[in-house]
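Let me begin by presenting the structure, written as C-alpha cells, before commenting on it.
Per chain, numbering begins at 1; letters A, B, ... match sequence-line order.
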Protein chains: 2
Amino acid sequence: MVERGSAHLDDVFHALAHPVRRDILRRIARREHTIGELARPFDMSLEAVSKHVQVLERAHLLERSRRGREHYCRLDPAPLQDAAKVLAGLARLWNRRLDALEALLADIQKEN
Amino acid sequence: MVERGSAHLDDVFHALAHPVRRDILRRIARREHTIGELARPFDMSLEAVSKHVQVLERAHLLERSRRGREHYCRLDPAPLQDAAKVLAGLARLWNRRLDALEALLADIQKEN
DNA sequence: TTATAATTCAACCATATGGTTGAACGTGGA
DNA sequence: TCCACGTTCAACCATATGGTTGAATTATAA
C-alpha cells in the first residue's frame, strides 16, 4: 500500500475539479486513448488537452504508456478510492452527529 | 431535486482540494462551529479562514446561520452525494473489478 | 453612548491555472 | 536519408487562488 498524504488528495480533487478532465477520465475508463484521440472532441488546442492529461497524471488517475510515437492513456482507479474514503469519512461523521441528536431526542422523550 | 450542473461539480471538487477546507468539513460534520472557532487551530489569519469558508459555501457544502454577531457553520452533505456519483460512475465504466469502491459508495448513498 | 468583539470587505501580492502559439523532439514510413 | 506525424516544451497572457493587512460592519456589553 503506497503511503498517500494530504498533498496527494489535493492533487486528486483538483484533477476532478474540471469538466474536461472528468470527461477524459470517463473516456479512458472505457478503453485506452491516445492524446490525439482525447483532444479531438474538444474545441481547444491539443497542447491544452496535453496539459489536462498531465494534471491527471500528477494525481495518478491516469497512466501513460508510449508505444511508438503515440502515448496511450488509461485510467488508474486507485486514487478514486482515496477520494471516496474522504467522502465516506465525512458521511460517517455526519451520521454520527445525527445519531447523537436522535439519542438526545430519545432521552428527552423518556423524561416526559 | 435541485438541478446541479457541471459548474456545481467544479465548485464541489475544488472546495475539497485543499487540506484546510477538508479539515473544516470534518469539524462541522461533528457539530456547528463559528468562524472564530474554525480559525483558532490554524496558523493563518482569520480572514484567510473566512475565505475558505466562503469557498465551501459557494460549493453548498457549508451552511451558515447568523446568530447575533457570530456566524455558525454546519455541513450540508448533499453535494457530497453528487461528488460520490461521479466516482461511482467512473468505477462503473471501468471494466475491471472495483468492489471495495462500490461498497464505500453504497454506504454514502444509503444516507438520506 | 462608547467600547469591544466577530466577521466581512477591499486592496494588495506572489504564485498557480488554463489557455494560446511556435519551436523542438522522437518515431515511423517512403 | 528525408519528411510527416504525435507529442512535449517553452514562452506568454489573462484570470484565479491563497495568503496578508487595514478599514468597515454589525451586535453585545458597560
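Taking 4.0 angstrom as the limit, His71(A) places none of its side-chain polar atoms (N or O) nearer than this to OP1 or OP2 of dG26(C). Contact annotation: His52(A) reaches the phosphate of dG19(C) (side-chain N/O to OP1 or OP2, under 4.0 Å). In this structure, Ser50(B) reaches the dT8(C) phosphate: one of its side-chain N or O atoms is under 4.0 Å from OP1 or OP2.
Scanning both residues, His8(A) and Ala59(A), for their nearest heavy atoms gives NE2-O, 3.6 Å.
In this structure, the nucleotide among dT7(C), dC9(C), dG19(D) sitting nearest to the side chain of Lys51(B) is dG19(D). Proximity note for Glu70(A) (side chain, C-beta onward) versus dT20(D), dT17(C), dG6(D): the nearest is dG6(D). Side-chain atoms of Arg69(A) lie closest to dG26(C) of the nucleotides dG26(C), dG19(C), dT17(D). Candidate nucleotides dT7(D), dT17(C), dT20(D) were compared by shortest atom distance to the side chain of Arg58(A), and dT17(C) ranks first. Closest to the Glu47(B) side chain, of the nucleotides dT21(D), dT7(D), dA5(C), is dT21(D). Which of dT7(C), dT21(C), dT20(D) sits closest to the side chain of Ser45(A) comes down to dT21(C).
Spacing between atom CG of Leu46(B) and atom P of dA23(D) amounts to 17 Å, rounded to whole angstrom units. Remark: P of dT17(C) and CE of Met44(A) are 16 Å apart, rounded to the nearest angstrom. Going from atom CZ of Phe42(B) over to atom C1' of dG18(D) covers 14 Å, rounded to whole Å. Regarding Gln54(B), its CD atom lies at a distance of 6 Å from the P atom of dT8(C), rounded to whole Å. When the C1' atom of dG18(D) is taken as reference, atom CG of Leu56(B) falls 14 Å away, rounded to whole Å. For the pair Glu37(B) CD and dA5(C) P, the interatomic distance rounds to 17 Å; values are reported in whole Å. Distance, Leu62(B) CG to dT7(C) P: 12 Å, rounded to whole Å. The separation between Ile35(A) atom CD1 and dC5(D) atom P is 18 Å, rounded to whole Å.
Counting only distance, with no hydrogens or angles, the side chain of Arg22(B) and the backbone of Ser6(A) share a donor-acceptor pair below 3.5 Å. Panel note: side chain Arg21(A), backbone Leu16(A); no donor-acceptor pair is recorded below 3.5 Å. Under a 3.5 Å cut-off, the side chain of His33(A) and the backbone N or O of Arg27(A) do form a donor-acceptor pair.
At the heavy-atom level, Arg21(A) lies under 4.0 Å from the strands shown only through sugar-phosphate atoms.
Residue whose closest nucleotide on DNA chain C sits further toward the 5' end, between Arg40(B) and His18(A): Arg40(B).
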Item to complete: Evaluate the criterion side chain to side chain contact (heavy atoms under 4.5 Å, CB included) for residue pair His71(A) and Ser50(A); output intermediate values, then yes/no.
Response: CA-CA 10 Å; His71(A) 295 205; Ser50(A) 170; over 6 Å; no
